[in-house]
Amino acid sequence: MTSRSDAAAGRAARRPGSMPTVTMIGGGQLARMTHQSAVALGECLRVLAASPDDPAAQVSADVVVGSHTDIDALREAAEGAVALTFDHEGVPLEHLRALEGEGVQVRPPSTALQFAQDKMAMRRRLSELGLPVPAFVDLAGDVATGREALIAFGEDHDWQVVLKAVRGGYDGRGVWIVERRDEALAVFDAQAGGDIVLMAEQKVPMARELSAMIARSPYGQGAAWPVVETVQRKGQCAVAIAPAPGLSEESAARAQQMALTLADSLGVVGVMAMELFETVDGDLLVNELAMRPHNSGHWTMDGAVTSQFEQHLRAVLDYPLGDTAARSEAVVMANILGAEEAPAMSMDERLHHLFARMPEAKVHLYGKGERPDRKIGHVNIVGVPGASVDDVRERAERAAHWMSNAQWTDGYPTDGHETGESLGDENLGDEKRRAR
Ligand SMILES: Nc1ncnc2c1ncn2[C@@H]1O[C@H](COP(=O)(O)OP(=O)(O)OP(=O)(O)O)[C@@H](O)[C@H]1O
Ligand SMILES: [Mg+2]
């Protein structure tokens, strides 16, 4: 086994160029796609990954394997890097503060990131800054007091209430949408006295969800992409539509301005997503913040002049930011989610069929195993001039559904090739197909 210092020397030897090293904590798909942008800038993203099999660890030549909760692993990953940044929010704040004390450029800094790590702190700060948020209540501390606070809050809101884990939730894990008193109390009682700290907020009567993505550099430059509409399924983002159809210019500008101003007030560095609810009355409320590349920005990889991943690197390196204009009037991203049961047809075979039918589909696969509802990739469709947003969306969803399930939503046959054999036949090996 190589020691940590051997590994560090090996990394230095592989890095003869003079381009800066950025370290990203976390080896998931966001780091994987940031690495793609790093390559174009003549860099290699250094990744702190939990396992060599992680999506980013598979592709970066500069990997530290270790835990984001281990200060020594964090120190090793930070050594010699110009900046340290994140693909998730899980690094303990005290570790980040320690690294900052040792001179590491943590971007975004711990003073900003704390608000993306803790939903209660975020809600409080947003309301202090005068930003519109759903009504909320803190349920932390003494169990009896928390229960009383929940009952009072629930009565005030007709039990149209959402309970949330203050920390550690993602993709809808740690979010409980309830309709009745007994449901809400059951969630509360199940967590009472445990490690998960809860808050509650009003269930917003919403028309749809939006995301305002921006970037901010240490120099103070800000840039905003068009505001997108996001569609959630089973608590996680399934589709993003850019720009958000029918959103008035005034509302879009307001959302962008809220995100830019907030990023300035908090000292955010890098890209930031502000998730918003558009209420049935047309108001905008801030749901949550992510201070890293975000699912709602994946469309920018093919649909904007500058992708969120390149922009994140530009921002953390304090380069001037790139043009955020969309390349088309309609761009749609659809996530490829693991099917209930992984199809017999291989991913390679599915890709082959997809490309045969939809040459315009831009596919991004994360190198992850298929598990039900797991995000394993996404498809972007950039609309041609004059294409309707509904058509672009239909294509993106059809492509993503195909990649997940090996079934076309419109009944298009999977066979019909010259031999007349079904390509969906699990006995048809890849070699045989390639030999055609
Ligand atoms: N107050 C609310 N009113 C109505 N729906 C809500 C509310 N809060 C959350 N939701 C729904 O639950 C989803 C997940 O909530 P939230 O974004 O807070 O959690 P998360 O798990 O951190 O999300 P992510 O998937 O962005 O990581 C939201 O996108 C929204 O669809
Ligand atoms: Mg969310």
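Computed from heavy atoms alone, side chains included, the values below leave out hydrogens, waters and symmetry copies. Every number for a ligand or one of its atoms is a count from 1 in the order of the listing.
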Q: Kindly write out the residues that satisfy ring pair (Phe, Tyr, Trp, His ring centres under 6.0 Å) with Tyr366, not counting sequence neighbours, or none if the list is empty.
A: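 Ring pair (Phe, Tyr, Trp, His ring centres under 6.0 Å) list for Tyr366, sorted by chain: His378.
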Q: Can you produce the list of protein nitrogen or oxygen atoms under 3.5 Å from a nitrogen or oxygen of ligand 1, alongside each distance?
A:
| unit_1 | atom_1 | unit_2 | atom_2 | d |
| --- | --- | --- | --- | --- |
| ligand 1 | 1 (N) | Glu201 | OE2 | 2.8 |
| ligand 1 | 1 (N) | Gln202 | O | 2.9 |
| ligand 1 | 3 (N) | Val204 | N | 2.9 |
| ligand 1 | 8 (N) | Lys164 | NZ | 3.0 |
| ligand 1 | 8 (N) | Glu201 | OE2 | 3.4 |
| ligand 1 | 17 (O) | Glu275 | OE1 | 3.1 |
| ligand 1 | 17 (O) | Asn287 | ND2 | 2.9 |
| ligand 1 | 17 (O) | Glu288 | OE2 | 2.7 |
| ligand 1 | 18 (O) | Lys119 | NZ | 3.1 |
| ligand 1 | 18 (O) | Lys164 | NZ | 2.7 |
| ligand 1 | 19 (O) | Lys119 | NZ | 3.1 |
| ligand 1 | 21 (O) | Asp171 | N | 3.3 |
| ligand 1 | 21 (O) | Gly172 | N | 2.7 |
| ligand 1 | 22 (O) | Lys119 | NZ | 2.8 |
| ligand 1 | 22 (O) | Glu288 | OE1 | 3.3 |
| ligand 1 | 22 (O) | Glu288 | OE2 | 3.1 |
| ligand 1 | 23 (O) | Glu288 | OE2 | 3.0 |
| ligand 1 | 25 (O) | Asp171 | N | 3.1 |
| ligand 1 | 26 (O) | Glu275 | OE2 | 2.8 |
| ligand 1 | 26 (O) | Glu288 | OE2 | 2.9 |
| ligand 1 | 27 (O) | Asp171 | N | 3.0 |
| ligand 1 | 29 (O) | Glu209 | OE1 | 2.7 |
| ligand 1 | 31 (O) | Glu209 | OE2 | 2.4 |

Q: Return yes if a side-chain donor-acceptor contact under 3.5 Å exists between Thr409 and Gln407, otherwise no.
A: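 No - no donor-acceptor pair under 3.5 Å links their side chains.
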Q: With a 6.0 Å cut-off on the ring centroids, do His95 and His68 count as close?
A: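 That pair fails the under 6.0 Å test.
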Q: State the CZ-NE2 distance between Arg292 and His312, to the nearest 0.5 angstrom.
A: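 So the CZ of Arg292 and the NE2 of His312 are separated by 10.0 Å.
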Q: Can a donor-acceptor pair be found between the side chains of Thr145 and Asp142 at a distance below 3.5 Å?
A: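 A pair is found: one side chain offers a donor N or O, the other an acceptor, under 3.5 Å apart.
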Q: What class does the angle between the rings of Trp408 and Tyr412 fall in, given that below 30° is parallel, 30 to 60° is tilted and above 60° is perpendicular?
A: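 Trp408 vs Tyr412 ring planes: perpendicular.
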Q: Given OE2 of Glu288 on one side and OE1 of Glu275 on the other, what angle do they make at the Mg ion (ligand 2), to 10°?
A: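 Angle OE2(Glu288)-the Mg ion (ligand 2)-OE1(Glu275): 100°, rounded to 10°.
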